[in-house]
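To start, the structure under review is shown below, and the notes come after it.
Numbering starts at 1 and runs along the sequence shown.
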Amino acid sequence: MKHTPTIRAELDRYIQQEGMSLTQFGHIAGMNRGIVSAIVTGNKTMSVNQLDLITEAMDLPEGYFYDLFVENYIIDHPPNMRRIEPFLYRCAELDKLSVIRRVVGAIMDNLLYSPKLFEIAEELLSQGRHAAALLLYEGVAEAEKYQHSERLAVCQYRIFTIQIGDDQSQNLKAATLFEPFVERLDEIDQLDALKDLANVYRSLRKWDKVEEVAKIMRTKAEIQYTLEHQQQSRIHDKSSKKLSRPLFVYIAYADLLCSGSCEAKGDYHQALQYTYSYANLDWVKETEEDTRHWISLFKSWAEGNTYIYKLLSGDVSVLNDYVQYIIASSDKVDKEMIVKLLNVMFAANQYKLDVNDIIKRFETIIASFVQQPSTDMYTKQVIPEQYARLSYELAYYYLHQGSYEDGFKYLMYSLESYHTLNNETYYLNCVGMFEHFRIHAIPKTKEKYSKFIEKVWLDNVKKSGTANHCS
């Protein structure tokens with residue numbers, strides 16, 4: 001049987017090797033002789049704070065003994081949350097994820113530890129330590145998978161939001177796994193969960209799912225809005241403050257999502273009906289500044305979308321009015337600006353319109369979206385896909401115009417973006433467009449394209465473990 005070393009044995013060996021007394025070592029470590037002696041003799045367990053002092057005194061890297069700490073003081077002892085909690089926080093600080101995984105595996109056979117681990121995970125999430133929090137949420141979710149508890153649903157919601165990233169294939173998997181847990185959440189929390197789900201499905205262009213989730217969100221939001229205004233219920237008023245947006249927004253946003261779904265399916269008449277619905281918010285009872293802000297946003301979106309649905313229906317006479325609307329809202333780059341410009345390119349390519357002057361006017365704004373930081377679920381998911389799509393439409397426009405330098409510039413950006421997003425359909429569309437216009441590409445562009453395609457191939461070879469016969 002392999003002998004597992006102990007921290008106290010390592011400490012004892014070090015003290016003897018350095019020819020120190022316990023008092024001398026204690027002085028270096030900032031600990032009294034009695035504590036050092038108790039640790040060395042095994043008469044006292046140690047805290048993570050004491051372990052860090054000992055590690056520093058032995059001139060070893062931070063966290064050097066953390067794996068042994070798990071062996072010596074967690075696996076070999078009855079779990080003690082007063083010892084484990086600070087240890088988990090310290091592991092998170094040092095990004096010792098493998099150690100956290102071992103701790104969770106060692107203690108989660110007992111459901112009694114679920115509430116505390118969940119509490120720690122929530123605190124780590126609030127600190128921005130998402131990777132560490134994810135391990136705890138996964139541990140609690142696994143332990144409670146047969147409990148049908150609200151805590152399990154919250155864990156699954158947190159796992160979903162943490163896992164959402166650039167890989168659209170992974171995002172679809174995360175959304176599919178989380179969706180069945182929405183109904184187990186608190187009635188108020190369900191609204192933000194449905195909003196986040198809809199935004200992910202929107203980024204994936206899963207329009208049937210967008211509409212399905214949006215309609216559920218609208219129904220639930222209407223119920224909560226009615227309850228909030230019945231007898232001025234303080235309970236519901238307090239609950240609604242948990243939401244990331246005013247309650248009425250979830251009703252209007254559901255209509256906006258449905259209008260987008262109809263637009264994507266080419267049903268511009270129905271898209272207009274949904275647009276008229278979220279444009280009319282006279283029923284909203286609140287009057288505070290935040291409410292007025294959101295009402296103004298929805299009215300602005302409705303104005304723009306009314307133009308675009310008419311334009312995409314073939315009424316090109318509204319193009320100038322739509323451009324003036326964009327100009328009026330272009331004093332600042334908001335996350336909806338990309339949709340407005342994307343709509344212009346859809347119409348231009350569909351009806352063969354000359355929009356060179358429009359593109360030139362907004363070229364600075366178009367370039368700025370590459371540097372947009374990711375914050376909420378919408379920005380992280382919808383904006384990157386929309387910019388990749390805008391680049392694709394710009395490439396299509398310029399290449400068919402014979403403006404090959406600009407066309408290939410946008411095509412390469414779209415190609416690289418859709419690879420990052422793991423969107424195979426549009427990635428292959430980009431490849432197809434490049435091959436169609438390859439004869440017009442300069443040698444430098446062809447070389448860049450070939451190197452990128454080869455890199456994608458080699459990355460896939462490495463990921464799948466397929467034999468690489470490239471010499």
>> Under 4.0 Å between a side-chain nitrogen and a carboxylate oxygen: does that hold for Lys285 and Glu228?
In response: no
> side chain to side chain contact (heavy atoms under 4.5 Å, CB included) with Leu136: which of Leu125, Ile100, Val103?
Replying inline: Ile100
> Short question: side chain of Gln50, backbone of Ser47 - any donor-acceptor pair under 3.5 Å?
Replying inline: yes
>> Tell me whether Gln147 at atom CD has more than 12 heavy atoms from other residues, nucleotides or ligands lying less than 6.0 Å away.
In response: yes
>> Checking side-chain polar atoms at under 3.5 Å, does Ser244 have a donor or acceptor matched by the opposite partner on Asp192?
In response: yes
>> Check Arg90 with Glu62, please: is the shortest side-chain N to carboxylate O separation under 4.0 Å?
In response: yes
>> I need the minimum non-hydrogen distance between Lys448 and Glu416, along with the two atoms involved.
In response: CE-OE2, 3.7 Å
> Given Phe25 and Arg33, is the side chain to side chain contact (heavy atoms under 4.5 Å, CB included) satisfied, shown in steps?
Replying inline: CA-CA 8 Å; Phe25 181 82; Arg33 182 191 182 285; over 6 Å; no
>> Side chains of Phe178 and Ile159, heavy atoms from C-beta outward: is any pair under 4.5 Å?
In response: no
>> How long is the straight-line distance from CG of Asp167 back to CD of Gln170, given to the nearest 0.5 Å?
In response: 6.0 Å
> Would a distance-only check, ignoring hydrogens and angles, find a side-chain to backbone donor-acceptor pair under 3.5 Å from Thr445 to Ala441?
Replying inline: no
> For the residue pair Trp301 and Phe298, does the interplanar ring angle fall in the parallel (under 30°), tilted (30 to 60°) or perpendicular (over 60°) class?
Replying inline: perpendicular
> Should we count OH of Tyr64 as having more than 12 external heavy atoms under 6.0 Å?
Replying inline: no
> For residues Ser114 and Glu144, is any side-chain donor paired with an opposing acceptor at under 3.5 Å?
Replying inline: yes
>> Nearest 0.5 angstrom please: Ile54 CD1 to Ile7 CD1, how far?
In response: 8.0 Å
>> Just so I know, are the side chains of Glu289 and His293 near enough to count as touching, which here means a heavy-atom distance under 4.5 Å?
In response: no
>> Counting neighbours of NZ on Lys455 that are heavy atoms of other residues, nucleotides or ligands and sit closer than 6.0 Å, is the number greater than 12?
In response: no
> Do other residues, nucleotides or ligands put more than 12 heavy atoms under 6.0 Å from the CD atom of Glu288?
Replying inline: yes
> Taking the side chain as C-beta and beyond, is there a heavy-atom pair between Ile28 and Glu56 under 4.5 Å?
Replying inline: no
> Any idea which heavy atoms bring Tyr387 and Ala367 closest together, and the distance?
Replying inline: OH-CA, 4.2 Å
> Do the two ring centres, one from Tyr418 and one from Tyr426, sit under 6.0 Å apart?
Replying inline: yes
> With a 4.5 Å limit on heavy-atom distance, are the side chains of Arg205 and Val210 in contact?
Replying inline: no
> With the threshold set at 4.0 Å, does a side-chain nitrogen-carboxylate oxygen contact exist between Glu454 and Lys451?
Replying inline: no
> Can you find a heavy atom in the side chain of Asn429 that is under 4.5 Å from one in the side chain of Tyr392?
Replying inline: yes
> How about Glu187 and Ile223: do any of their side-chain heavy atoms sit closer than 4.5 Å?
Replying inline: no
> Which pair of heavy atoms, one from Ala175 and one from Val200, lies closest together, and at what distance?
Replying inline: CB-CG1, 4.2 Å
> For Ser296, does its backbone N or O pair with a side-chain atom of Ser300 as donor and acceptor, under 3.5 Å?
Replying inline: no
> Is a side-chain donor-acceptor pair under 3.5 Å present for Asp186 with Gln190?
Replying inline: no
>> Looking at Arg218 and Glu222, is there a salt bridge between them, counting it only when a charged N and a carboxylate O are closer than 4.0 Å?
In response: yes
>> On a heavy-atom basis, which atom in Glu211 and which in Ser261 lie closest, and how many Å separate them?
In response: OE1-OG, 3.1 Å
>> For Trp207 and Arg202: C-alpha separation, side-chain torsions, deciding distance, then whether side chain to side chain contact (heavy atoms under 4.5 Å, CB included) applies.
In response: CA-CA 7 Å; Trp207 297 112; Arg202 183 180 179 185; 4.0 Å; yes
>> With salt bridge (charged side-chain N to carboxylate O under 4.0 Å, His left out) as the criterion, how do Lys145 and Glu142 come out once you've worked through the C-alpha distance, each side chain's angles and the decisive distance to 0.1 Å?
In response: CA-CA 5 Å; Lys145 62 184 177 182; Glu142 176 62 24; 2.8 Å; yes
> Strictly under 6.0 Å, is that where the ring centroids of Phe69 and Tyr73 end up?
Replying inline: yes
> Any side-chain heavy atom of Tyr250 within less than 4.5 Å of one from Tyr225?
Replying inline: no
>> Taking the side chain as everything from C-beta on, heavy atoms only, tell me whether Val99 gets closer than 4.5 Å to Phe87.
In response: yes
> Under 3.5 Å, side chain of Arg292 to main-chain N/O of Thr287, donor-acceptor pair present?
Replying inline: yes
> Which atom names give the shortest non-hydrogen contact between Pro61 and Thr55, and what distance separates them?
Replying inline: O-CG2, 3.2 Å
>> What I want to find out is whether Glu138 reaches Arg158 closely enough, with some N-O distance under 4.0 Å, to be called a salt bridge.
In response: no
> If you round to the nearest 0.5 Å, how far is NE2 of His229 from CD of Gln224?
Replying inline: 11.5 Å
> When you look at Ser391 and Leu411, which way does the side chain to side chain contact (heavy atoms under 4.5 Å, CB included) test go after all the steps?
Replying inline: CA-CA 6 Å; Ser391 296; Leu411 183 56; over 6 Å; no
> So which heavy atom on Ala174 is nearest to which on Gln163, and how close?
Replying inline: CB-OE1, 3.9 Å
> Would you say the ring centroid of Tyr157 lies under 6.0 angstrom from that of Phe181?
Replying inline: no
>> If we ignore hydrogens and angles and just use 3.5 Å, is the side chain of Thr291 paired with the main-chain N or O of Glu286 as donor and acceptor?
In response: no
> Hey, are Gln168 and Asn422 close enough side-chain-wise for a donor-acceptor pair under 3.5 Å?
Replying inline: no
> Any donor and acceptor pair, going by atom type alone, linking the side chain of Asn423 with main-chain N or O of Leu204 inside 3.5 Å?
Replying inline: no
>> What's the separation between atom CG in Leu428 and atom CD in Glu424, rounded to the nearest 0.5 Å?
In response: 5.0 Å
> Would you say the side-chain atoms of Ser259 pair up with the backbone N or O of Leu256, donor to acceptor, closer than 3.5 Å?
Replying inline: yes
> When the ring planes of Phe452 and Tyr427 are compared, do they come out parallel, tilted or perpendicular, using 30° and 60° as the limits?
Replying inline: tilted
> Side chains of Asp52 and Tyr66: donor-acceptor distance under 3.5 Å anywhere?
Replying inline: yes
>> Determine whether Gln16 and Asp12 satisfy the following criterion, side chain to side chain contact (heavy atoms under 4.5 Å, CB included), listing intermediate values before the conclusion.
In response: CA-CA 6 Å; Gln16 292 187 38; Asp12 189 34; 3.1 Å; yes
> Quick check, are the ring centers of Tyr253 and Tyr278 under 6.0 angstrom apart?
Replying inline: no
> Just checking, any donor-acceptor pair under 3.5 angstrom between side chains of Tyr201 and Glu179?
Replying inline: yes
> Would Glu393 and Arg389 satisfy salt bridge (charged side-chain N to carboxylate O under 4.0 Å, His left out), going step by step from the backbone distance to the final call?
Replying inline: CA-CA 6 Å; Glu393 295 295 331; Arg389 187 75 184 278; 3.6 Å; yes
> How about Glu435: does its CD atom have over 12 heavy atoms from other parts shown lying under 6.0 Å from it?
Replying inline: yes
>> Applying side-chain hydrogen bond (donor to acceptor under 3.5 Å, both in side chains) to Gln127 and Tyr89, what does each step give before you reach the verdict?
In response: CA-CA 11 Å; Gln127 295 174 6; Tyr89 281 121; 5.6 Å; no
